[in-house]
Peer 1: 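Structure incoming, see below.
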Amino acid sequence: MKIGVLGAGTMGAGIAQVAAQNGHAVVLVDVNQTVLDTAKNSHIKMINRLGEKGSITQAECDQILGSFYYSTSMEDFKDCELVIEAIIEDLAVKHSVFSQMENIVSNACILASNTSSLSIASIGSVLKKAERMIGIHFFNPAPLMPLVEIIPAVQTSAETVEIVTNLISSWKKTPVVCKDTPGFIVNRVARPFYGEALRIYEEGIADFATIDWAMTSIGGFKMGPFTLMDYIGNDINYAVTESVFQSFYYDPRFKPSFTQKRHKEAGYFGRKSGRGYYDYSDGAVLPSPNEDPELGKYIFERILVMLINEAADAVFMNVTNAEGVDLAMTKGVNYPKGLLRWADEIGLDEVLLKIEDLFSEYGEDRYRPNPLLRKLARANQKFHA
Ligand code: NAI
């Protein structure tokens, strides 16, 4: 199967690499020749590194590098059976390229988008044969992250879902099929990791370093929320939060934080700007956390139960099933444990009690317990059989 990838930036270059490493001829197209050259150099470097490490033979290196075709023209997609679009996140621009692509490729060619925040239905609306449209959402860096969210739109045929799911599995990735809803799985369920951490800070309960310490040392997460937001970039992370909030018709569960907004407005984007919640300039000393075990336990449990409540909602609203949520969060963002398995281990009645405490303390809709969590807890059941 010949694969096309449109956009050779961060995601497109990575997706093209994954396809080539799995034996496909790959056509990588970008409007910008400089970006294409950078992608090509990165492919040469990455594939040769695999050869040097002995992960692949020299012949395999040559074969993989020989399977890329770099171009500035979408006409070169004409023989592709699947094209994955990974260009700028702008619906009007995506509409324009999808209409053009449909006139180039065959009737059988599947057209996919790697969008993070646009609906697949809206992108596919410009196609004459919209049953071929699907979301294939990779995580950054695509060659390393196993999770791929597969998002059928209301227009997508069952056959398209099956072909794409089988293909992604054959690439030794973990496909999880989910509904075409804002944030899909990961970008929806992960919101409280940032939002509740910011809320705890805003209430003056703890500083950034203490919240990060609680989540890594007690919770076992690889990075604390503030370190992670600084790594992702506060501009990007704030934009995702705001987009999810708007897309959910301003559900208070997803309300963005002024603290993050002010950091973004100040240009405190994080590592890339030298300053975020922390100072990354040369010689700067990172602040020490307050390692009070009781405070740490409170912070960790409060953020965890909010994450579990959100994970429960994704299952309740049929975005995916419990297995799907747990796979998504462990394989897409490296959570130490599936959130719903974690909930089962703690005991759903205990998780529910903590959320009910927050709800009664604050009286805010943000803390309303999810109906599925409540139902299972009352019936003494679990998310996983
Ligand atoms: P990027 O800015 O690194 O790359 C986008 C590329 O598209 C650029 O090289 C640009 O020259 C090219 N481009 C723009 N318009 C074009 C056109 N009309 N025809 C051909 N090429 C065109 O962007 P990035 O980060 O790779 O994101 C791409 C898509 O992937 C977006 O939809 C984004 O939401 C999504 N995404 C991004 C993730 C990330 O962590 N960066 C993660 C998952 C999805």
Side-chain angles (χ1 to χ4, degrees), residues 4-19 27-43 69-77 80 83-105 111-120 122-124 126 133-151 168 173 175-176 178 180 182-188 190 228-244 247 269-272 328 331-334:
V5 178
L6 182 65
T10 311
M11 295 308 293
I15 296 166
Q17 185 188 325
V18 174
V27 180
L28 181 56
V29 173
D30 200 291
V31 280
N32 185 333
Q33 184 62 49
T34 315
V35 175
L36 275 176
D37 293 342
T38 307
K40 184 175 181 177
N41 289 334
S42 136
H43 290 150
Y69 184 78
Y70 302 89
S71 168
T72 53
S73 168
M74 289 199 290
E75 292 292 335
D76 289 313
F77 287 147
C80 291
V83 179
I84 305 173
E85 166 276 317
I87 64 164
I88 179 173
E89 191 75 332
D90 180 313
L91 187 59
V93 182
K94 293 206 199 262
H95 274 167
S96 158
V97 299
F98 273 85
S99 301
Q100 290 173 60
M101 282 197 292
E102 193 168 39
N103 291 326
I104 294 166
V105 299
L111 296 174
S113 176
N114 184 54
T115 182
S116 297
S117 64
L118 301 168
S119 86
I120 307 304
S122 68
I123 299 175
V126 293
M133 177 74 211
I134 194 160
I136 306 184
H137 187 223
F138 285 82
F139 288 75
N140 188 16
L144 295 183
M145 299 309 289
L147 180 71
V148 180
E149 293 174 336
I150 308 281
I151 310 117
I168 297 297
K173 295 280 183 193
V176 176
C178 70
D180 188 12
F184 308 132
I185 307 171
V186 169
N187 281 336
R188 168 192 188 136
L228 183 55
M229 285 184 274
D230 273 359
Y231 185 76
I232 295 168
N234 275 304
D235 49 340
I236 307 270
N237 190 263
Y238 181 79
V240 176
T241 306
E242 197 169 48
S243 149
V244 171
S247 305
F269 297 148
R271 284 186 176 273
K272 64 183 173 191
K331 305 283 184 186
V333 275
N334 278 326

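Counting convention: from 1, in listed order, for ligands and their atoms alike. If you read the sequence from its start, that first residue is 1, and numbering goes on from there.
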Peer 1: Got the closest protein heavy atom to atom 11 (O) of ligand 1, with its distance?
Peer 2: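 The closest one turns out to be Asp30 OD1, 2.7 Å.
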Peer 1: At a 4.0 Å threshold, what atoms of ligand 1 neighbour a non-hydrogen atom of Asn140?
Peer 2: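 The list of qualifying atoms is 40 (O).
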Peer 1: Quick one: does His137 get within less than 4.0 Å of ligand 1, heavy atoms only?
Peer 2: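 Checking ligand 1 against His137, which is what was asked, there is a heavy-atom contact under 4.0 Å.
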Peer 1: On a heavy-atom basis, which atom in Ile87 and which in Lys94 lie closest, and how many Å separate them?
Peer 2: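 Minimum heavy-atom contact is O-NZ, 3.2 Å.
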Peer 1: Could you identify the single nearest non-hydrogen protein atom to atom 18 (N) of ligand 1 and state the distance to 0.1 Å?
Peer 2: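 Minimum-distance protein heavy atom for atom 18 (N) of ligand 1 reads Val97 CG1, 3.6 Å.
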Peer 1: What pair of heavy atoms forms the shortest contact from Tyr231 to Arg271, and how long is it?
Peer 2: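 The pair with the smallest heavy-atom distance is CD1-CD, 3.9 Å.
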Peer 1: Applying side-chain contact (heavy atoms from CB on, under 4.5 Å) between Ser113 and each of Ile123, Ile136, Ile151, report the one that passes.
Peer 2: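 Passing option: Ile123.
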Peer 1: Could you identify the single nearest non-hydrogen protein atom to atom 41 (N) of ligand 1 and state the distance to 0.1 Å?
Peer 2: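 Scanning the protein heavy atoms, the shortest distance from atom 41 (N) of ligand 1 goes to Met11 CG, 3.9 Å.
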Peer 1: To which of Glu149, Glu89, Gln100 does the heavy atom nearest atom 32 (O) of ligand 1 belong?
Peer 2: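 Nearest option to atom 32 (O) of ligand 1, by heavy atoms: Glu89.
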Peer 1: How long is the straight-line distance from CD of Glu242 back to OG of Ser117, given to the nearest 0.5 Å?
Peer 2: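 Separation between the atoms: 11.5 Å.
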Peer 1: side-chain contact (heavy atoms from CB on, under 4.5 Å) with Phe77: which of Leu111, Val5, Leu6?
Peer 2: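 Answer to the side-chain contact (heavy atoms from CB on, under 4.5 Å) test with Phe77 among Leu111, Val5, Leu6: Leu6.
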Peer 1: Is it true that, when you exclude Lys331 itself, more than 12 heavy atoms of the residues, nucleotides or ligands shown sit nearer than 6.0 Å to its NZ?
Peer 2: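 No, not enclosed.
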Peer 1: Just to confirm my output: which protein heavy-atom neighbour is closest to atom 7 (O) of ligand 1, and how far is it?
Peer 2: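 For this ligand atom, the closest protein heavy atom is Ile87 CA, 3.5 Å.
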Peer 1: Within this structure, what is the CD-CG distance for the pair Glu149 and Asp180, rounded to the nearest 0.5 Å?
Peer 2: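 It is 11.5 Å, given to the nearest 0.5 Å.
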Peer 1: Nearest 0.5 angstrom please: Lys173 NZ to Leu147 CG, how far?
Peer 2: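 Going from NZ on Lys173 over to CG on Leu147, the span is 9.5 Å.
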Peer 1: Does Met101 approach ligand 1 within less than 4.0 angstrom via side chain, backbone, both or neither, non-hydrogen atoms only?
Peer 2: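 Neither; nothing of Met101 gets under 4.0 Å from ligand 1.
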Peer 1: Can you tell me which portion of Val35 lies within the under-4.0 Å heavy-atom range of ligand 1? Options are side chain, backbone, both, or neither.
Peer 2: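 Val35 to ligand 1: side-chain contact only, backbone stays beyond 4.0 Å.
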Peer 1: Rounded to the nearest 0.5 Å, what's the gap from CD1 on Ile15 to CG on Asn114? Could you check?
Peer 2: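 Nearest 0.5 Å value for the CD1-CG distance: 4.0 Å.
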Peer 1: May I ask you to identify, for Phe139, whether its side chain, its backbone, both or neither come under 4.0 Å of ligand 1 on a heavy-atom basis?
Peer 2: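 Phe139 to ligand 1: no contact under 4.0 Å from either part.
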Peer 1: Would you mind telling me if ligand 1 is within reach of the side chain of Leu6, the backbone, both or neither, using heavy atoms under 4.0 Å?
Peer 2: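 The part of Leu6 near ligand 1 is the side chain, not the backbone.
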Peer 1: Any carboxylate oxygen within less than 4.0 angstrom of a Lys/Arg side-chain nitrogen, looking at Asp235 and Lys272?
Peer 2: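 Lys272 and Asp235: salt-bridged.
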Peer 1: Could you find the nearest protein heavy atom to atom 3 (O) of ligand 1 and give me its residue, atom name and distance?
Peer 2: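 In this structure, atom 3 (O) of ligand 1 has Thr10 N, 3.0 Å as its nearest protein heavy atom.
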Peer 1: Only heavy atoms of Thr115, strictly under 4.0 Å: list the atoms of ligand 1 that pass.
Peer 2: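 By the 4.0 Å cutoff, the relevant atoms are 32 (O).
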Peer 1: Evaluate the 4.0 Å heavy atom contact test for atom 23 (O) of ligand 1: does a protein atom fall under the cut-off?
Peer 2: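 Within 4.0 Å of atom 23 (O) of ligand 1, no protein heavy atoms are found.
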Peer 1: Within the 3.5 Å criterion, strictly below it, is a donor on His137 or Ser116 matched to an acceptor on the partner's side chain?
Peer 2: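 Indeed, the side chains of His137 and Ser116 share at least one donor-acceptor pair under 3.5 Å.
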Peer 1: Please check if a non-hydrogen protein atom sits closer than 4.0 Å to atom 26 (O) of ligand 1.
Peer 2: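 Neighbour list for atom 26 (O) of ligand 1 includes protein heavy atoms (cut-off 4.0 Å).
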Peer 1: Among all protein heavy atoms, pick the one closest to atom 36 (N) of ligand 1 and tell me residue, atom and distance.
Peer 2: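 Looking only at protein heavy atoms, the one closest to atom 36 (N) of ligand 1 is Ser116 OG, 3.3 Å.
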Peer 1: Which protein non-hydrogen atom lies closest to atom 17 (C) of ligand 1, naming both residue and atom, and how far is it?
Peer 2: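 Among all protein heavy atoms, the one nearest atom 17 (C) of ligand 1 is Val31 CG1, 3.8 Å.
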Peer 1: Among protein heavy atoms, which lies nearest atom 30 (O) of ligand 1, and at what distance?
Peer 2: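 Answer, as residue, atom name and distance: Asn114 ND2, 3.0 Å.
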